[in-house]
Amino acid sequence: MAKPVSIEVWNPNGKYRVISTKPMPGTRWINLLIEQDCRVEICTEKKTILSVEDIISLIGNKCDGVIGQLTEDWGETLFAALSRAGGKAFSNMAVGYNNVDVNAANKYGVAVGNTPGVLTETTAELAASLSLAAARRIVEADEFMRAGLYDGWLPHLFVGNLLKGQTVGVIGAGRIGSAYARMMVEGFKMNLIYYDLYQSTRLEKFVTAYGEFLKSNGEQPVYWKRASSMDEVLREADVISLHPVLDKTTYHLINKESLATMKKEAILVNCSRGPVIDEVALVEHLKQNPMFRVGLDVFEDEPFMKPGLAEMKNAVIVPHIASASKWTREGMATLAALNVLGKIKGYPIWGDSNRVEPFLNESVPPPAACPSIVNAKALGLPVSKL
Ligand SMILES: NC(=O)C1=CN([C@@H]2O[C@H](COP(=O)(O)OP(=O)(O)OC[C@H]3O[C@@H](n4cnc5c(N)ncnc54)[C@H](O)[C@@H]3O)[C@@H](O)[C@H]2O)C=CC1
Ligand SMILES: O=C(O)C(=O)CO
């Protein structure tokens with residue numbers, strides 16, 4: 001028998017029981033659920049990562065939908081428990097859903113929501129910050145200052161890399177990868193090389209137009225290239241940022257061999273998922289190549305780091321905060337809640353999950369649709385005509 005977990009209850013007499021496994025930023029998401037007759041139960045348990053048993057205990061005997069987190073293991077056991085409790089709706093408060101077994105959800109007829117779009121720019125901005133922090137050795141320099149070691153300007157003190165005119169490589173040029181590429185091209189006048197399974201025509205057009213603008217101003221233009229293999233990006237780029245989904249094809253995409261392909265002074269940034277990099281191989285590479293630098297937001301065995309990483313001066317490391325702006329986190333909570341609410345109310349699925357702005361406008365009620373359900377097709381859910 002699982003131990004009871006502590007909760008906070010909103011609108012106790014609501015008809016539909018919706019659980020959030022964590023307190024989430026803002027109150028709009030709570031109000032939207034309450035207005036539609038939901039009793040909202042928020043888990044207030046102190047521990048950061050809830051176990052499957054904790055969540056089973058939260059679900060109980062009657063539950064219409066759950067808003068969960070990327071740290072939780074949503075597999076067969078939880079979808080079976082949710083289904084037994086009468087629930088047909090789950091949403092991750094995240095765009096990535098590698099923690100969710102979508103086949104298991106399909107088996108129990110549970111819709112799986114995610115939160116695309118609202119975190120694109122925020123996440124790309126952190127990837128750009130890590131690129132800059134690594135290139136200009138900002139964290140090392142900050143530590144040096146705080147340690148009282150600065151005793152005057154020196155020609156060699158914390159010399160780093162100039163980005164202007166260098167090549168930025170993007171692996172996974174989807175929503176976030178493309179936004180990051182635009183920031184680096186436009187902000188720092190870098191050339192672009194990208195690798196993705198699909199062509200990113202909009203991104204290519206943007207770089208072409210920006211290059212023409214620079215040229216017309218008498219400046220050095222920028223160029224783009226779509227690589228035919230990931231290795232081409234690794235060989236040619238000076239800064240490489242990883243933005244693919246995590247699946248079987250991207251697990252340990254960066255390993256001992258691919259690290260050896262990169263330039264000795266390259267910068268590698270990861271704001272996708274930790275297991276995209278073989279972190280043991282990365283630590284070894286950082287040790288052997290002190291001029292090679294990384295900026296990491298995600299880790300292979302989160303929340304842990306592989307031995308040795310924390311000691312590496314050529315690594316900038318932050319705790320999975322790429323989507324952590326107030327607007328984005330509140331928006332993610334709203335989209336996750338509306339995914340669950342929409343399924344409970346029998347609303348159709350929003351036609352374009354890349355265009356979620358109508359759900360985020362606080363001055364008007366959101367559309368009567370689920371913003372983004374990843375298994376909508378598998379479950380045969382209708383698409384909104386709005
Ligand atoms: N660190 C953080 O806080 C955050 C991390 N993420 C991660 O970023 C990922 C990407 O998010 P979005 O850009 O919104 O998704 P997206 O679906 O728009 O982009 C992913 C891209 O990866 C490409 N891709 C898939 N397999 C590939 C492969 N083997 N090689 C090269 N490219 C491949 C896809 O074609 C697609 O263009 C999420 O799945 C999530 O894991 C997202 C938000 C915040
Ligand atoms: O949305 C995601 O996938 C995250 O990693 C957290 O923003």
Side-chain angles (χ1 to χ4, degrees), residues 22 24-25 67-72 74 91-100 102 112-130 169-183 193-204 226-234 240-255 258 269-277 295-300 302-303 316-336 339 352-356 371-372 374:
K22 283 277 167 229
M24 298 191 291
I67 302 163
Q69 300 297 326
L70 59 83
T71 47
E72 298 156 6
W74 278 85
S91 183
N92 240 13
M93 183 207 164
V95 67
Y97 53 92
N98 52 289
N99 62 313
V100 181
V102 180
V112 174
N114 71 339
T115 63
V118 67
L119 38 63
T120 299
E121 299 293 327
T122 300
T123 305
E125 282 181 13
L126 192 90
S129 311
L130 289 174
V170 172
I171 295 170
R175 285 175 293 247
I176 298 168
S178 292
Y180 166 83
R182 286 177 59 151
M183 285 175 196
I193 180 166
Y194 78 93
Y195 176 69
D196 197 295
L197 310 178
Y198 303 96
Q199 184 174 13
S200 185
T201 317
R202 283 178 66 181
L203 178 58
E204 293 173 2
R226 181 179 176 202
S228 53
S229 69
M230 186 183 77
D231 272 11
E232 206 178 324
V233 176
L234 301 182
I240 296 157
S241 197
L242 307 172
H243 297 285
V245 297
L246 171 63
D247 63 14
K248 283 193 201 107
T249 70
T250 59
Y251 175 79
H252 282 193
L253 199 63
I254 301 298
N255 52 33
S258 41
V269 171
N270 190 10
C271 286
S272 60
R273 286 288 182 265
V276 172
I277 298 181
L296 302 175
D297 179 53
V298 287
F299 304 89
E300 188 164 357
E302 242 167 82
V316 178
I317 42 183
V318 295
H320 204 149
I321 54 166
S323 69
S325 74
K326 183 173 180 289
W327 181 81
T328 287
R329 287 284 167 87
E330 290 185 5
M332 289 164 75
T334 297
L335 293 181
N339 281 330
D352 182 358
S353 60
N354 288 324
R355 200 177 52 83
V356 290
S372 179
V374 301

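Counting starts at 1 for both ligands and their atoms, following the listed order.
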Ligand 1 atoms in contact with Gly172 (distance to a heavy atom under 4.0 Å) |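 With Gly172 as reference, the close atoms of ligand 1 come out as 22 (O), 32 (N).
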Which of the numbered atoms in ligand 1 are below 4.0 angstrom from a heavy atom of Ser323?
->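 Matching atoms, with element in brackets: 3 (O).
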For ligand 1, the portion of [X] having any non-hydrogen atom under 4.0 Å away:
X	result
Tyr198	side chain
Val298	side chain
Thr123	side chain

Non-hydrogen side-chain atoms of Leu70 and Asn98 separated by less than 4.5 Å =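 Contact flag for Leu70/Asn98 side chains = no.
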Which is it for Leu119 and ligand 2 at heavy atoms under 4.0 Å: side chain, backbone, both or neither?
->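 Answer for Leu119: side chain.
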Give the single entry among Gln199, Arg273, His320, Lys248 that approaches atom 40 (C) of ligand 1 most closely by any heavy atom.
->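 Looking at heavy atoms only, Arg273 sits closest to atom 40 (C) of ligand 1.
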Distance from atom 1 (O) of ligand 2 to nearest protein heavy atom, with residue and atom |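 So the nearest neighbour among protein heavy atoms is Val95 N, 2.8 Å.
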Considering only non-hydrogen protein atoms, determine which one is nearest to atom 4 (C) of ligand 2 and report residue, atom name and distance to 0.1 Å.
->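 That would be Leu70 CD2, 3.4 Å.
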Before signing off on this row, confirm whether Arg175 and ligand 1 have an N or O atom pair separated by under 3.5 Å.
->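 Indeed, backbone or side chain, Arg175 has an N or O that close.
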Heavy atom of Pro116 under 4.0 Å from ligand 1?
->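 Judged by the 4.0 Å heavy-atom criterion, Pro116 does not count as contacting ligand 1.
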